[in-house]
Protein chains: 2
Amino acid sequence: MSHDDFKQKSEDDEALKRRETALREALLDEQFTLAQDKRSAVIVVISGPDGAGKGEALNRLYEWLDDHSLETLTYGPPTREERARPPGWRYWRDLPARGRIALMLGSWRHAALRDRAQGKATREDFRAQLEETARAETMLRKENVLVAHLWLDLADGEAQRRLKAAREADGALHKPLVIEWDELTTKKERARLRDAVQETQLCEAGVEPFKIIPSRDARLRDLAVAEELLATLRRAIANANANADADANVRPSDALAQEGAVRASAPRNAIAMLDLTKSVTDEDYATRLRRLQRRLTELTTQRRFRKRALVVAFEGNDAAGKGGAIRRVREALDPRRFRVHGISAPTDEEAARPYLWRFWRVAPRRGETAIFDRSWYGRVLVERVEAYASPDDWRRAYSEINDFERQWIDADYVIVKFWLAISRDEQLARFEAREAKATKRYKLTADDWRNRDKWEAYETAAGDMIARTDQSCAPWTLVSANDKKWARLKVLQTIVEGLEG
Amino acid sequence: MSHDDFKQKSEDDEALKRRETALREALLDEQFTLAQDKRSAVIVVISGPDGAGKGEALNRLYEWLDDHSLETLTYGPPTREERARPPGWRYWRDLPARGRIALMLGSWRHAALRDRAQGKATREDFRAQLEETARAETMLRKENVLVAHLWLDLADGEAQRRLKAAREADGALHKPLVIEWDELTTKKERARLRDAVQETQLCEAGVEPFKIIPSRDARLRDLAVAEELLATLRRAIANANANADADANVRPSDALAQEGAVRASAPRNAIAMLDLTKSVTDEDYATRLRRLQRRLTELTTQRRFRKRALVVAFEGNDAAGKGGAIRRVREALDPRRFRVHGISAPTDEEAARPYLWRFWRVAPRRGETAIFDRSWYGRVLVERVEAYASPDDWRRAYSEINDFERQWIDADYVIVKFWLAISRDEQLARFEAREAKATKRYKLTADDWRNRDKWEAYETAAGDMIARTDQSCAPWTLVSANDKKWARLKVLQTIVEGLEG
């Protein structure tokens, strides 16, 4: 090395050193702000060809950050526990709470990348898959969870060389390698993987392209990774501010005006059109109830059901008879294979994550039934009416919920949704009866009376909900519930048909 | 049937009907009280020979209770996910929150019963096993979680007859049978099972005997089961009151006197005797650090480690250097296989359950490492000093913690526990340095200054803790930490030795 070269190198070293020091201070600052602020979470996916140094980069971040609000999430081939539920479940299960940073190895993009590299997916399929996950990421961003996808880029020959060297070295003296693409054994497949990564630059519909990180020089690679994390942290804070501003800027009057616009564009309120006079004789009820319950037992115990799951959501007016209907469903089920989830205010662990998390976390396994007494529709009902969610938030929830349900249905889950409707007079009569009867009194709270005063607001919200989330794969069933018995039969009948379909 | 017989029968029917009505009302009342009160949880284990009607009895309870605060927990042979952790994990994972009732099929007694029935365990082994679980149940009771074990009793011949009939009936029209004792194929084994159940009447050391429920008549059986549940619910409320009274009756002066008694009987405070002047040169540090980290990497990547897990608990004075020590441990570990848990105030889901639950829920799988920055010892440190726990509560925690650790160690987990000690002057110097340095400032809070004022109280608590929980299988290591580097080496050295041992 000439004197000049040497001088140049040590000057470069100095510059890198300064860059690193500044970066580490800024990183800790932003991490601390995130952890204190508790409004956002950050997920950084570290991917790249095997041999590019994903594990090393991860280690470097652990060295530079405070590990209390940091976690690593690793996804390989799904375990049996994971396979028993929809594919998204494992990612939702691990979703970091607001205030935390997750570094992720493996991700919801990996299957699509692998298929594309192995030539199993067309370019269109690949894009469609990425666009689907992009919708989920958009939702996460609105919920203040920011995701960045990094790709540690390294020429195939060099990556293979490093991989070989690492494998030949004494394994015990090295931390295990992060191997994600073991199946891509040919050069061609690996080239197609790299192409697929590049293609994310061309995707539309909100697909965030991979950030390409040149990885030949480990030190520069780690600096670049850390800089991306820093940028993501800053975006997370800015994003949370922007989301909060958007909420604050909707003045009550705007909200009302917008609500009016929504209402005008909605089809006529289906609930208002419902015939509430339907009823059934006691005799008919007894016979048909027995028959329907038997059929439901049959359907949930036959072999076919082991590959499916049943999800039943009950919404409706207070005192509409949800509890009684749930009991008749439950009576037909094996108590070891169902669970009833009463949905009220979220716990603090739930409140620290996007609103759908609490439903994902109790996703039934295949072969099981989950009954929700009130459900994810709370977002567009009580949260809307009581203004717990901003208009922006509940308005985007319609399509988010449709996406959410479609993921479960794609996993062969059967979703049945009920709105149990009673008249205002019938509700009053039932409230009064509850007050009078000892074993029912616990069902009536001051909230029930308060909600009754907001009857119209709830009816509007319910009407909009039904108009916007009545998917053919998960349709709403409006149940005329002034006659409890008629309602119970209708509920059972609908579930049975859902499972038979 | 003669006229008299008929009359008798309808009178009996009437009486049963009245008994049932009164029971159902009382059950709902108590369930409601439990759910509102949120101080206690109740677990009712429904066991018995196959064919005695466990599933039917369970269904009946679902019919009579409100299902919102009710859940069914089922335990068969452990799944892979469950086998990856200590045997107690799956029960802890599902522990109902206070306010809830769990009906349990299968339990922590079943393995012992099965072994005894198959002649694999001596009477002494059997008793010892039950007594071990009884200690856990005592702890649960103190934490307001009440457990009742029911045994639906039925003569073997009759049980077998029913089982056969049920199996021959059209399976689809019946709910699946609860089969727990399929391996007990001989009459003799089943007789020994029944004997073992009876034997629980003779056990000592707090083993609750099975409540024997005659199960020939299904209606009487279900009534008896419900009455046991009712009694347990009432005991739960009374127990919560008693626990609260016990706490309230300890006046501050009593507490101090009792504390004095504890202190007098304790060996001399080990922390006070610690030599804090130990140190290491920079050069030695660098060499030894590298060597120890390499060895730790080796030990946690070799095949043997896949059957074990490493659990490291850090306690110590504020600013004693826990974070720096943790980092040096972490650097040697695969980031995909460890997690650092910073323990501060519990979430509301954690606060709704016994204090050890939050540690069980993050039990590492085999092959993984869990590092706790502060730990389950908070119960006898901060909770004692700040009076978050009553003297009764923190005093019983010593043996509860010893039991807890032993369960992990029995599953081949290695537990290493550190107390990092610095002098009061050194702490002051470090606090001041933290205030001065931008990247460290976030580490210092007002709590730190307040805790500093309670130095003696913490030192006493720590001394007691070490004296009472220094188990040979999970010993404490006191680390002289005025020299951070010396402390880090000591920590690494101790972990390495723990894994080598």
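Interface check for chain B: of the options A:Glu350, A:Glu71, A:His341, A:Glu349, the most heavy-atom pairs under 4.5 Å are formed by A:Glu349. Per-residue counts of heavy-atom pairs under 4.5 Å with chain A were compared for B:Asp66, B:Thr79, B:Leu27, B:Leu105; the largest is that of B:Asp66.
Here the side chains of A:Asn59 and B:Pro335 are in contact, with some heavy-atom distance below 4.5 Å. Here the side chains of B:Asp373 and A:His68 are in contact, with some heavy-atom distance below 4.5 Å.
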Problem - Verdict with supporting geometry, A:Arg327 and B:Asp67, salt bridge (charged side-chain N to carboxylate O under 4.0 Å, His left out) - result: CA-CA 8 Å; A:Arg327 168 187 286 191; B:Asp67 51 13; over 6 Å; no
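If you measure heavy-atom distances from B:Thr347 to chain A, the contacts under 4.5 Å come from both the backbone and the side chain. When heavy atoms are compared at a cutoff of 4.5 Å, B:Leu65 approaches chain A solely by way of its backbone atoms N, CA, C and O.
For the atom pair CD (A:Glu81) and CZ (B:Arg80), the distance works out to 11.5 Å, reported to the nearest 0.5 Å. Taking CG of B:Asp334 as the reference point, atom OG1 of A:Thr74 lies at 7.5 Å (rounded to 0.5 Å).
Closest approach of B:Arg336 to A:Leu177, counting heavy atoms only: NH2-O, 3.2 Å.
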